[in-house]
Each structure stands twice: as C-alpha cells, then as structure tokens.
Amino acid sequence: MRRVITLLSAVAISTALFGCANEALEEATIAVANYNAAAATYNEAIAPYNEAVSNIETAAQTVSDAKKTAQDAINRGEEPFDEETLQVLKEAMLAADDAIAEKPKQLAPAPDMAIRDDLDKEKLEQLVEEANRKRAISLATPTTSAKRCC
C-alpha cells in the first residue's frame, strides 16, 4: 500500500511541476497508477491463498513420504511386536490415500506496470487501454475461501 501512495504522490508532484502539457502522458500515468493500486490489492488478497496452497503441498509431501517409508517396511517383511500394528498401518495408509486432495494451483501475482520514457502518444493511449482492461478483468479479487476447495 505504501508503494501505491508513493506512486500517487509522485504522480501528483510531477503533474504540479510539469503541468498538463501532455494529456496522453497524464492519462497514462493515472491509468497505470490505478492499475498498480489494484494489482497491489489483488496481490495482498491472494497471498494467504498461495500460502495455504504451499502448506497443502508440504503436507501432501509429508504424507507421501510417510506412506513410502511404511510401504518400504512392509515390503521388507518387517514384523511389528504387536500383530495388529501391521493391519492398523495398512488401514492408515488407505485412509491417507482417501484424505489426500487434488493439489490446488497457486494464483499468479499481478505484475506492476510502468510508463517508459520512449512512448509516443499512440503507445501511451494503448497503455491506458491495457491498464484499464487488466484492472477491470484480471484483477477481480478472487474468492479463496477454504469452504470452496474442500
């Protein structure tokens, strides 16, 4: 959020210093600032979801490793002290197979946009259109509640 405030302040200062000599540049600056603010909000919104996806991947790998270790012990024919332990282990491995869910995909963060110094009026107008389109379409805050995925 600080980045957005800094960017908007820079826009305000540059507009005050240089005036509105180039309307296309001013419009592009505003559109890019609005996009970057929306991108920052979007990235903040998806961060907990992406962290949860990483945790799911880590937990799934832990279960997979434990199952492999258990299966290796079974394959070697090792006998536990308690005869029921082997049956309990096999049942736990089946339950683990049922418990592992399909791994969700992480959401890609939105990159910042910038205005290059070498853009002409036509390129600036295209940049405005792109920033407005991406802000409207791509940065709709996703619903990432755990209730939806499980």
Please identify each residue that fulfils side chain to side chain donor-acceptor pair (under 3.5 Å) with [X], with sequence neighbours left out.
X	result
S54	Q106
Q87	E91
Q71	N75

task = Compare every heavy atom of I46 with every heavy atom of A108, then report the nearest pair and how far apart it is.
result =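 Between these two residues, the closest heavy atoms are O-CD1, 3.7 Å.
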message = Could you report the tightest heavy-atom contact between L127 and I115, atom names first, then the distance?
response =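 Residues L127 and I115, closest heavy atoms: CD2-CG1, 3.7 Å.
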query = Which residues pass the side-chain contact (heavy atoms from CB on, under 4.5 Å) test with A47, sequence neighbours left out?
reply =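 For A47, no residue satisfies side-chain contact (heavy atoms from CB on, under 4.5 Å) once neighbours in sequence are set aside.
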request  = Identify, with sequence neighbours excluded, every residue that meets side-chain contact (heavy atoms from CB on, under 4.5 Å) alongside A92.
outcome  =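 Listed in chain order: nothing, the list is empty.
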Does any N or O in the side chain of [X] come within less than 3.5 Å of the main-chain N or O of [Y], such that one atom is a donor and the other an acceptor?
X	Y	answer
N36	M113	yes
N43	A110	yes
S64	A60	no

With a cut-off of 3.5 Å and sequence neighbours excluded, list every side-chain donor-acceptor pair involving residues 116-124.
from: R116; atom 1: NE; to: D118; atom 2: OD1; distance (Å): 3.1
from: D120; atom 1: OD1; to: E122; atom 2: N; distance (Å): 3.3
from: D120; atom 1: OD1; to: K123; atom 2: N; distance (Å): 2.8

Check whether any side-chain heavy atom of [X] sits under 4.5 Å from a side-chain heavy atom of [Y], and report yes or no.
X	Y	answer
P104	Y49	yes
V53	K103	no
N132	Y35	no

ask   = Can you tell me how far CZ of R135 sits from OG1 of T41, rounded to the nearest 0.5 angstrom?
value =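 One finds 10.5 Å between OG1 of T41 and CZ of R135.
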key: Qualifying salt bridge (Lys or Arg N to Asp or Glu O under 4.0 Å) pairs with a residue from residues 52-73, counting only residues at least two apart or across chains   =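 Salt bridge (Lys or Arg N to Asp or Glu O under 4.0 Å) check on residues 52-73 returns K67-D97, K68-D72.
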task = Look at the side-chain heavy atoms of Ile, Leu, Val, Met, Phe, Trp and Tyr, link any pair under 4.5 Å apart, and say whether V128 and L25 land in one connected group.
result =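 No; tracing contacts between hydrophobic side chains, which count when under 4.5 Å, never links both residues.
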task = Go through the structure and list residues passing salt bridge (charged side-chain N to carboxylate O under 4.0 Å, His left out) with E130, not counting sequence neighbours.
result =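 Partners of E130 by the salt bridge (charged side-chain N to carboxylate O under 4.0 Å, His left out) criterion, ordered by chain and then number, come out as K134.
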